[in-house]
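Below, chains carry the letters A, B, ... as their sequence lines are ordered, and counting in each starts from 1. What's counted below: heavy atoms across the whole structure, side chains too, no hydrogens, waters or symmetry copies.
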Protein chains: 2
Amino acid sequence: MTKTSEAKIVAAARRIVREQGCEALTQRAVAAAVGVKAPSLYKRFRDKAALLGAVRAEAFVDLEARLRAAAQGQPPAAAFLRIAAAFRAFAAECPDLYRLMFDPALQSADRAAESRALAPFEAALRNIVGAGQGASAAHAALSLLHGFVRLEIDGAAPSPGPHDEAFHFAVFALLQGMAQSEAKEPAPNAA
Amino acid sequence: MTKTSEAKIVAAARRIVREQGCEALTQRAVAAAVGVKAPSLYKRFRDKAALLGAVRAEAFVDLEARLRAAAQGQPPAAAFLRIAAAFRAFAAECPDLYRLMFDPALQSADRAAESRALAPFEAALRNIVGAGQGASAAHAALSLLHGFVRLEIDGAAPSPGPHDEAFHFAVFALLQGMAQSEAKEPAPNAA
DNA sequence: GTCTATACGACGATAGAC
DNA sequence: GTCTATCGTCGTATAGAC
């Protein structure tokens, strides 16, 4: 007498987040979406955090696929620019899911999911920056993109209108700067 | 028979956010902190959102002061580097207040507060990038810093340890790239 | 495995006495 | 302006029948 399954529950939760936002994601709502009552969810997921963790992990898998597809067959610099655009597009399409993925309350759960999803960054940047700076470059790129899209989806960007020009400027400037850092010293540790 | 005031309420709310986090900021907690009962708060602030707006505005004023102080008397590039460090330090000191400042649910409230606080960015960058690119440069810088500190305070940074090296790398790369964009064309609008 | 029923708590906000 | 008392809502989670 199984009326649902883990996969269906996760899918329903994800749909709710995408269509109605993080705040609408209650156990009752998820249960209703899969055609059961709230208590039944506790047979599949220990608690709400476990369910959110599953949603989050699935979302990171999707993000990774999109970043990989964007970089596919491109030379490093072009790959980075396309990854950046794909990252922004992902966040724009499902801002609430994006917020969930980086929700501070869930970070402790599954760090591996995020790492895997961001591997394309380092892959593209490794051949752009100097040896041993791949990790820093990936961190820098993620910071820029994460900050930009968060400001954008949160309505906190400095200017109100469309931000395409600012986005291109920012991504291009960082790429240029990172490409040059190759020859420089590896970041002095000034206190 | 005034046992409290707007200023004391805002200060108490801010202290709660800093010391116990955003989630601990309830009307009851604020009231208790100033020595009254929850209903009394509604004589001073129409609702919770109004109170949060006041807290947020005050926080932006403080941030602005710190950024200005950091840039004080410095040449543009040094000013930018010091502003970046001050921005990061602010977020590190009071991460929950920082989250509140950029809370998507409050963005509609007072956009001017944020704009004013970020003026030092544009002031420092105006003489680094080409004419007419000041706004984009400020947007790019804010994006990088916002993204970096959010990843850091949310525990979502790619690497676990301290991130000083990555921070310096990122800020320096962006600065370098922006300085060079001066001679380039103003960002093509490729779809 | 699903259900009904419910415990339990927290929250924001209001009404009305003093 | 402050209080007591309370409303109404929503949330997670559990107990126990079927």
To the nearest angstrom, how far is A/Tyr42 atom OH from C/dC3 atom P? 14 Å

Separation of C/dT14 atom P from B/Phe45 atom CZ, nearest Å, is 16 Å

What integer distance in Å separates A/Arg44:CZ from C/dG1:C1'? 7 Å

Send over the distance from B/Arg46 CZ to D/dG1 P, rounded to a whole Å. 17 Å

Minimum-distance nucleotide (side-chain atoms of A/Asp47 versus D/dT6, D/dA13, C/dT14): D/dA13

Can you tell me the distance, in whole Å, between the NZ atom of B/Lys37 and the P atom of C/dT14? 20 Å

Can you figure out which of C/dT2, C/dG12, D/dA13 approaches the side chain of B/Arg28 most closely? C/dG12

A/Gln27 has an atom CD; how far is it from atom P of C/dC3, in whole Å? 14 Å

Mind calculating the distance between CE (B/Met1) and P (C/dA17) to the nearest angstrom? 17 Å

With heavy-atom distances below 4.5 Å as the criterion, would you say the side chains of B/Tyr98 and B/Phe87 are in contact? yes

Against the side chain of A/Pro39, the closest entry in D/dT12, C/dA5, D/dG1 is C/dA5

Within the structure, does a side-chain N or O atom of A/Lys3 lie under 4.0 Å from either OP1 or OP2 of C/dC3? yes

Residue pair B/Ile16 / B/Thr26, side-chain heavy-atom distance below 4.5 Å: no

Does B/Ser40 make a side-chain N or O approach to OP1 or OP2 of D/dG1 shorter than 4.0 Å? no

For the CZ atom of B/Arg68 and the CG atom of B/Leu63, what is their distance to the nearest 0.5 Å? 11.0 Å

For B/Arg99, is there an ion pair with B/Asp154 - N to carboxylate O distance below 4.0 angstrom? yes

Could you state the atom-to-atom distance from NZ of B/Lys48 to C1' of C/dA10 in whole Å? 11 Å

